[in-house]
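Notes to accompany the following structure.
Because the structure is a prediction, the values reported are computed rather than measured. In what follows, residues are counted from 1 in the order of the sequence shown.
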Amino acid sequence: MASTPNVGKQFLDSVHQFFDHAASYTKLPSGILAQIKATNSVYKVSFPVEIDGNIEVIEGIRVQHSHHKLPSKGGIRFSMQVDEDEVKALAALMTFKCAVVDVPFGGAKGGVKINPRTSSVKTLEKVTRRYAAELIKKNLIGPGMDVPAPDYGTGSREMAWIADTYQALKYGETNALGCVTGKPVGQGGIRGRAEATGLGIYYGIRELLADTEMLQGRGLSGNTMEGKRIIVQGLGNVGYHAAYFCQQDGAVIIGIAEREGGIYNDNGIDVQEAFKHRSENGSILNFKDCRNYENSEEMLELECDILLPAALENVIHSGNAGRIKAKIIAEGANGPVTREAEEILLKNSVVLLPDLYLNAGGVTVSYFEWLKNLSNVRFGRMGKRAEEASYRRLVNAIETSSGKSMSSKERAFLTQGADEISLVRSGLEDTMINAYHEIRDVMMQKKTQGLRTAAFITAIEKVGVSYELLGIFP
């Protein structure tokens with residue numbers, strides 16, 4: 001399953017370098033560290049699929065990096081560039097990502113070598129279901145074993161096909177819908193999942209901006225999102241939602257970079273309109289009042305407050321890191337900054353919000369979806385009306401004691417009970433806030449250079465504790 005030469009290996013090596021550096025700050029035994037670093041299992045499969053009257057052999061892979069907690073968790077990507085080393089790197093990041101945000105999963109990742117843009121819906125369904133069947137045959141998927149999710153090239157549609165295939169082959173299993181997350185709401189999904197990663201990125205950036213000590217001397221006025229100038233690379237699900245929520249809170253999106261090129265407007269770009277333009281025209285270029293960039297990589301080097309790479313890995317490397325002018329790099333993608341690039345950026349006083357923490361919103365809300373599937377009840381269903389009744393009694397008491405009446409709009413606002421999406425967003429916000437401060441505290445205690453090392457230390461120590469408490473069997 002080859003891709004561009006050495007790209008996957010470079011990514012895996014980069015993850016291992018980050019791990020080794022962070023591990024040197026811990027007091028865990030070398031054997032435990034070796035187990036945490038190692039990939040537990042790799043399953044590669046080739047299977048035939050009939051496409052337009054011809055038989056084609058499709059390659060798939062599923063990597064389970066860690067079994068310190070079960071189930072393991074990680075997305076499935078559809079791409080012709082799927083590569084074993086890349087998938088192993090992504091699975092490892094999932095292990096540490098889950099640990100950072102206290103999601104009780106091991107890390108995993110999967111991939112299928114197929115081009116989702118040129119394949120018909122019928123072909124994609126055949127391939128998805130057959131891939132799922134291959135995993136089911138080997139007991140490599142299930143609510144207590146390994147729970148996939150969407151990734152690059154896949155979405156809720158593919159997750160629904162996987163869930164249906166699992167239910168068909170595991171007929172009568174009560175928790176069958178928990179075999180996969182990122183499903184449509186009508187098929188056991190959860191409200192708020194689609195925007196979860198982007199919203200988590202927003203919460204993470206917001207928390208950093210409020211940390212005046214961390215940003216001291218970097219020329220960022222105020223401690224809010226208001227007026228912060230952002231360039232986004234990648235206007236897919238993650239980049240779009242991250243940019244949208246930042247813009248809603250007062251940030252100015254001055255640049256958007258995509259595969260086909262990029263657009264720039266110093267006065268700001270309406271993210272919703274730009275997304276609509278690209279959907280309708282197949283290109284981000286020629287958006288109203290914007291300057292085109294034929295080579296979107298040039299946009300990474302433009303002056304801005306926050307650079308948000310939300311596409312693929314290794315886009316910021318030793319070749320361009322020295323020309324980066326952003327004050328903050330917020331890693332929306334997995335592994336967008338190489339180890340060599342990070343050393344250059346830190347020397348230049350750039351603050352990095354690491355992927356290990358920042359894009360964990362997706363797996364956090366996937367965890368909530370998994371819990372929903374195991375409980376077989378929608379969040380808020382049993383408590384919403386009881387909350388509203390309690391709030392109404394409180395409002396009535398306030399009106400009686402004050403002698404003043406509230407408007408119907410005020411009353412409705414104050415007596416609203418929590419529904420599923422408000423509970424999901426509350427849980428996500430709390431998770432991202434707590435994780436930031438935990439990483440920040442470790443950074444101060446261990447005197448690390450940058451938040452990434454601190455995030456890895458946090459994750460390694462949590463995983464290490466799990467292995468030590470589990471013991472070694474037999």
Side-chain angles (χ1 to χ4, degrees), residues 10-30 32-38 65-66 68 89-102 107 201 204-205 207-208 211 213-218 307 309 313-318 321-322 324 326-360 432-467:
Q10 288 172 359
F11 185 22
L12 182 59
D13 288 345
S14 183
V15 172
H16 285 166
Q17 288 167 10
F18 287 132
F19 176 92
D20 291 339
H21 179 63
S24 68
Y25 286 85
T26 73
K27 296 180 180 179
L28 292 168
S30 58
I32 293 292
L33 290 172
Q35 175 58 58
I36 297 170
K37 183 178 179 179
H65 174 262
S66 178
H68 75 285
L90 292 166
L93 286 175
M94 281 300 301
T95 292
F96 307 128
K97 190 180 299 183
C98 289
V100 163
V101 292
D102 291 320
I201 290 169
I205 295 173
E207 208 59 25
L208 172 64
D211 189 346
E213 184 182 355
M214 187 74 174
L215 298 178
Q216 192 172 8
R218 288 179 169 85
L307 176 61
E313 58 269 7
N314 298 338
V315 295
I316 299 174
H317 44 77
S318 59
I324 299 293
K327 300 176 179 71
I328 296 170
I329 293 181
E331 294 186 329
N334 289 309
V337 179
T338 66
R339 173 71 178 157
E340 296 80 9
E342 177 159 359
E343 291 176 355
I344 296 168
L345 293 166
L346 291 175
K347 285 178 182 176
N348 291 339
S349 299
V350 178
V351 178
L352 275 84
L353 273 173
D355 54 355
L356 206 61
Y357 156 70
L358 193 63
N359 68 24
M432 297 304 293
I433 290 172
N434 289 341
Y436 175 82
H437 290 286
E438 185 176 25
I439 296 166
R440 180 77 161 79
D441 289 345
V442 170
M443 177 183 165
M444 297 302 291
Q445 291 164 11
K446 302 284 189 179
K447 294 181 172 54
T448 67
Q449 189 182 17
L451 290 166
R452 190 193 311 280
T453 300
F456 265 96
I457 292 170
T458 302
I460 291 167
E461 291 185 338
K462 288 178 182 178
V463 177
V465 167
S466 290
Y467 276 120

Is the shortest side-chain heavy-atom distance between Leu356 and Leu93 below 4.5 Å? yes
Any side-chain heavy-atom pair from Lys462 and Thr458 closer than 4.5 angstrom? yes
Looking at every non-hydrogen atom in both residues, tell me the closest pair between Ile460 and Ala23 and how far apart they are. CD1-N, 3.9 Å
Tell me which donor-acceptor pairs under 3.5 Å the side chains of residues 327-337 have, and how far apart each pair is, sequence neighbours excluded?
{"from": "Lys327", "atom 1": "NZ", "to": "Asp305", "atom 2": "OD1", "distance (Å)": "3.3"}
{"from": "Glu331", "atom 1": "OE1", "to": "Asp355", "atom 2": "N", "distance (Å)": "2.7"}
{"from": "Glu331", "atom 1": "OE1", "to": "Arg452", "atom 2": "NH1", "distance (Å)": "2.9"}
{"from": "Glu331", "atom 1": "OE1", "to": "Arg452", "atom 2": "NH2", "distance (Å)": "3.3"}
{"from": "Glu331", "atom 1": "OE2", "to": "Arg452", "atom 2": "NH2", "distance (Å)": "2.7"}
{"from": "Asn334", "atom 1": "OD1", "to": "Lys97", "atom 2": "NZ", "distance (Å)": "2.8"}
{"from": "Asn334", "atom 1": "OD1", "to": "Asn359", "atom 2": "ND2", "distance (Å)": "3.2"}

Note: Asp13-Arg339 ion pair, threshold 4.0 Å (strictly below): no
Between CG on residue Leu352 and CG on residue Leu307, distance to nearest 0.5 Å: 9.5 Å
Nearest 0.5 angstrom please: Ile316 CD1 to Ile324 CD1, how far? 4.5 Å
Going by atom types only, do Glu207 and His437 share a side-chain donor-acceptor pair under 3.5 Å? yes
Taking all heavy atoms of Val442 and all of Ala454, pick out the closest pair and write down the distance. CG1-O, 3.8 Å
Rounded to the nearest 0.5 angstrom, the SG-CE distance for Cys98 and Met94 is 4.0 Å
What is the distance from atom CD of Glu313 to atom OG1 of Thr338, rounded to the nearest 0.5 Å? 12.0 Å
Glu343 and Lys347 ion-paired at < 4.0 Å: no
Could you give the distance from CG (Leu208) to CD1 (Ile205), rounded to the nearest 0.5 Å? 8.5 Å
Heavy-atom nearest pair, Ala341 first then Ser318, reads CB-N, 4.1 Å
Quick one: are Tyr467 and Ser66 in side-chain contact, heavy atoms under 4.5 Å? yes
Answer yes or no: is there a side-chain heavy-atom contact under 4.5 Å between Gln35 and His68? no
Using every non-hydrogen atom in the two residues, find where Ala360 and Val101 come nearest and quote the distance to one decimal. CB-CG1, 3.6 Å
According to side chain to side chain donor-acceptor pair (under 3.5 Å), does anything in residues 20-29 pair up with another residue at least two apart or in another chain? List the pairs. Asp20-Lys37
Look only at the side chain of Ser14 and the backbone of Gln10, and say whether a donor-acceptor pair between them is shorter than 3.5 Å. no
Output the distance between atom CE (Met214) and atom CG (Leu353), rounded to the nearest 0.5 Å. 7.5 Å
What are the two closest heavy atoms between Tyr436 and Tyr357, and how far apart are they? CB-OH, 3.4 Å
Aromatic centroids of Phe456 and Phe19 separated by under 6.0 Å: no
Tell me, with the steps shown, if Gln17 and Glu342 meet side chain to side chain contact (heavy atoms under 4.5 Å, CB included). CA-CA 12 Å; Gln17 288 167 10; Glu342 177 159 359; over 6 Å; no
Looking only at heavy atoms, what is the nearest atom pair of Ala321 and Asn348, with distance? O-ND2, 4.5 Å
Do Glu438 and Asp102 have side chains that get closer than 4.5 Å, going by heavy atoms? yes
